[in-house]
Amino acid sequence: MPVPFRSLFAVAIVVSASMPAQQAPPPRPANELEFRLGSASIRRWSQDGIPRATWQRDERSPPFELRRPDDRLWFAAAVFDPRRERAPFDGALAAPAGTRLHVVQFHTQVLIEYRRALGERGIEVLEVLPSNALLVRADAAPMAALGGLPWVRWHGPLPNGCKLDAELRGWLLQGGAARDVNLVLADRRERAQLVAAVGAAGGEVTELGDGSLLLVARLDAAAMAKLLATDLVVSADPSGPSGRDMDHARVQGGADHLEAVANYRGQGVVAEVTEFFEETHPDLVGRAFVRGPSFDDAHGHCTAGILGGSGAGNALARGMMPDCTLIENGYFQGSQHYAQIRGSVDPNSPLRSMQATASWGSPSNASYTSISKTLDDALFTFDFVRTQSMGNAGTNLGVRPEAWAKNIIAVGGVRHQDNALPGDDVWSFGASTGPSADGRLKPEVCAYFDSVLTSDRTGAAGYAPGDWFAGFSGTSAATPIVSGHLGLLQQLFTDGVFGNPLPQPATAAFRFENRPHMTTAKALLCNTAEQYAFSGVGADLARTRQGWGFPSLRRAWDQRDRLVVLDEYDALQLGESRRYLVHVAPNTPEFRVTIVWADPAAPVPAAFTLINDLDLKVTRAADGVAWWGNHGLDSGNVSLPGGAPNRRDNLEAVYLQNPTPGLYFVTVTAAMVAQDAKLETPAADVDFALVMHPMGGGYRTSGGMTLALQTAPGGQLVFAPSAVPATGWTEGYLAVSLVQKDRLGFGAFFGVELDALGDGLLTTPAAVGNPFHFPRTPGSYPFANLLFPYPAWVSVFAGNDLDAVLVLLQGDEVVAVSNVARARLR
């Protein structure tokens, strides 16, 4: 039955976490640059030779320290400080005369205020460029008007040399003959204009790439120069010959996008290849370390190249994480899995792995075996994340037993037609498939099965003469591709991109200590993967063949401020439930929820392998319609309402397409706890990872209505909302919580925790000046900041942290939810 919104306040909202008291701003050095943009204040200075910067929303908000500024532009073709060095490109590689594509660099990291200010000046923002820059499109007049503005460090035209890779740069300068080229559109909506421009230049479109940012055309150098002179193409690279497709994997999975916008290349990530490879190869030298015996093996070397090759001698063969650290950890028997994984996470070892990948396994079969059990036991015990190839039998009868493990990330495959466009990918009886014998959905994800170009053993020692092999195939190729995506997701997590608290500073030196639980890494990988469209369990593309899809770093990055990642923060005993209240905003195309829990190893003779069972249920508050985890997702892309709880998988998901906007309950219930899975607590309980996106507000979201809290000694507390909708709502609530946990924005009620303390505040009548329940009154709170009128009340809780979230309603319908804000009471 419908749940009136006000009934949600029957239990109040006052709990929180710890956050250090706001420090006073550092002293103002002589070399400081300070300017205002809108209501925000931005400062930059040097301290002990290190550049620093802060941003302050308004005069009442505390300053926020930004990332250390980096004044270099990081293009793949060149790295330079544009105020001190000129771009190293002349002639045909220089910026075209009259170009509308420009780079705008700022004194700090890119801020929303910068984007907004550019838009107000008629400048179209296209992409973020590392570091501290935006790629924009505009006419000469608005660009010239940027000169002298204090927040613009530099601006200038985008050179053609920064749009092309090394191969195409040489080809263009030499006036090369016609070849297939991947063209990246400035705006995917301009595909028709680019098609016309290709024809006018004398070229021919060979792949339309509907829906993507790519269009493939056959062009000679003269035609390429004409297209580069337009503002339709922001970059181009070779559309290589058949089989040369490691660049496609980076495009389709988003590694190129992530590198372009934020320079993520696997820096600080330590990844194991559980095979032998040639660590002195030019693609790997200086980043590869040997654990145990060392041999040179062509198969293992190809997997290592896919995972972490630098592309030093062949840019098309560049791996997923060209700056990661690789560990050569070859062994031969499945019985060694446990010992190897134990060594991987040994805190006393200098080679502490964050993940491992295996493109080999024990003899294939259709069942959960002792090898499956051994691997499950090791992964459960040591909380380690690992990818595993399914095999190449084309059925579920010939699968590596390691892939049948519950806690592994099993990888299937697609034949990708030598392009980065998923629309023509097929399975076509290639990779081994699920389901498992006990009905579990396998594999978890997929990647390219065919014709992958990668690093090969040098000379004639490998699969082909030379140092690269263009035909590496099978799930042996797909698995390290997935592992590379996984490593970049771990790099994002350990940089704090998703807002999770980290035990150590968010630097590359502490990635091992800051890495997510294996369940979280798996949930994040699957929740953000791009599904293949399918209908029915017998389709060529199906859940039991491609799993939750092809990993998507683009989705994870682009949704980072609307994606909530609970890293085993909550645990349940038998019969207990944890219910999260979330808001789905209007025009949300898809809402996704994924839970994963580590399950103890199963007995081999058992027909079913699940030991502990958690149920996922998503309920629409307006009418009580509910969706159970995985119901309908075995045969389609969208969850079906009704059904029953899943009793087979330790990964459950609910995917809602074009969901009705409003409130939803996400409930996780411990339906079965047959074995303690959280050994660090005295109770027999199970913890779990939960990933949800995109959130319509609350939690740690940004980009909509914003709430800030300001405090001062003597019990002063100011509620400072911004971006409050002017109309469309009648009343609002401020849900507050004295912090009980140290994790900001991960509670159950829009990101805060509920208790009884705030019940009286929330049930007070709506009145102007009442921060906890108020009518819409123009000119008053929340359109203006509000100083809490009872400082003595605040003083009672001095020294505690306060969390708060602002909720606006039209009747019982939620209109907007702010982020969760926190301040220490004084």
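Below, all heavy atoms of this structure are taken into account, side chains as well, without hydrogens, waters or symmetry copies.
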Polar side-chain atom of Thr669 near backbone of Ala671 as donor-acceptor pair, under 3.5 Å: no
Donor-acceptor contact present, side-chain Glu652 to main-chain Thr594, <3.5 Å: no
Step-by-step side-chain hydrogen bond (donor to acceptor under 3.5 Å, both in side chains) determination, Asp467 to His281: CA-CA 8 Å; Asp467 299 346; His281 190 285; 4.6 Å; no
Any side-chain donor near an acceptor of the partner, Tyr569 and Asn500, under 3.5 Å: yes
Nearest heavy-atom neighbours spanning Thr528 and Arg592: C-NH1, 3.9 Å
Check: Asn407 side chain, Leu379 main-chain N or O, donor-acceptor pair, under 3.5 Å: no
Side chains of Glu272 and Asn329, donor plus acceptor under 3.5 Å: yes
Expected output: side-chain Lys406 to main-chain Pro600 donor-acceptor under 3.5 Å: yes
Residues Asp424 and Arg415 bridged, charged N to O under 4.0 Å: no
Asn396 side-chain N/O to Ser436 backbone N/O, donor-acceptor pair under 3.5 Å: no
Atom of Ser473, atom of Gly471 and distance for their closest heavy-atom approach: OG-O, 3.0 Å
Check against side-chain hydrogen bond (donor to acceptor under 3.5 Å, both in side chains), Glu568 and Thr519: CA-CA 8 Å; Glu568 294 191 357; Thr519 54; 2.6 Å; yes
Heavy-atom pair with the smallest gap, counting every atom of Thr475 and Gly391: OG1-N, 3.1 Å
Salt-bridge present (Arg287, Asp323; N to O < 4.0 Å): no
Residue of the set Leu326, Asp297, Val290 for which side chain to side chain contact (heavy atoms under 4.5 Å, CB included) holds with Phe277: Leu326
Nearest-0.5 Å distance, CD of residue Gln336 to OH of residue Tyr331: 7.5 Å
Check ion pair Glu590-Arg555 (N to O, under 4.0 angstrom): yes
Acceptor/donor pairs from residues 631-638 side chains to any protein atom, 3.5 angstrom cut, sequence neighbours excluded:
| from | atom 1 | to | atom 2 | distance (Å) |
| --- | --- | --- | --- | --- |
| Asn637 | OD1 | Phe534 | N | 3.1 |
| Asn637 | ND2 | Gln531 | OE1 | 3.2 |
| Asn637 | ND2 | Tyr532 | O | 2.9 |

Distance in Å, Asp456 CG paired with Glu278 CD, rounded so as to fall on 0.5 Å steps: 9.0 Å
Whether Lys617 side chain and Trp628 backbone form a donor-acceptor pair below 3.5 Å: no
Aromatic ring pairing Trp427/Phe429, orientation class (parallel under 30°, perpendicular over 60°, tilted between): tilted
Pair Asp685 + Lys678, salt bridge at N-O below 4.0 Å: no
Residues Trp404 and Thr369: side-chain donor-acceptor under 3.5 angstrom: no
Glu444 with Arg543: basic N within carboxylate O range, under 4.0 Å: no
Exercise: identify the closest heavy-atom pair between Ser639 and Ala653: OG-O, 4.2 Å
Spatial distance of atom CD1 (Ile595) from atom CG (Asn630) [nearest 0.5 Å]: 8.5 Å
Flag, side chain of Lys442 to backbone of Ala403, donor-acceptor distance under 3.5 Å: yes
Parallel, tilted or perpendicular, as decided by the 30° and 60° cut-offs, for the rings of His485 and Phe550: perpendicular
Heavy-atom pair of closest approach, residues Val273 and Gly300: CG1-O, 4.1 Å
Ring centers of Trp548, Tyr655 separated by less than 6.0 Å: yes
Modelled atom types, side-chain donor and acceptor of Arg342 and Thr381, under 3.5 Å: no
Spacing of CD belonging to Glu513 relative to CZ belonging to Arg352, to within rounding of 0.5 Å: 4.0 Å
Donor-acceptor side-chain pairing of Asp425 and His416 below 3.5 angstrom: no
Nearest-0.5 Å distance that lies between atom CD1 in Ile306 and atom OG in Ser483: 11.0 Å
Residues Glu530 and Arg554 bridged, charged N to O under 4.0 Å: no
Residue among Arg400, His337, Glu402 satisfying side-chain hydrogen bond (donor to acceptor under 3.5 Å, both in side chains) with Ser362: Glu402
Sidechain-backbone polar pair: Ser353 side chain, Gln355 backbone, donor-acceptor under 3.5 Å: no
Spacing of OH belonging to Tyr448 relative to CD belonging to Gln417, to within rounding of 0.5 Å: 10.5 Å
SB check Asp649 Arg440 (cutoff 4.0 Å): no
Sidechain N-carboxylate O distance under 4.0 Å for Asp438, Arg648: no
Full working for side-chain hydrogen bond (donor to acceptor under 3.5 Å, both in side chains) between His299 and Tyr463: CA-CA 8 Å; His299 184 275; Tyr463 287 112; 5.2 Å; no
Side-chain donor or acceptor of Asp540 paired with backbone N/O of Ser428 under 3.5 Å: yes
Under 3.5 Å: donor-acceptor pair, side chain of Thr479, backbone of Thr387: no
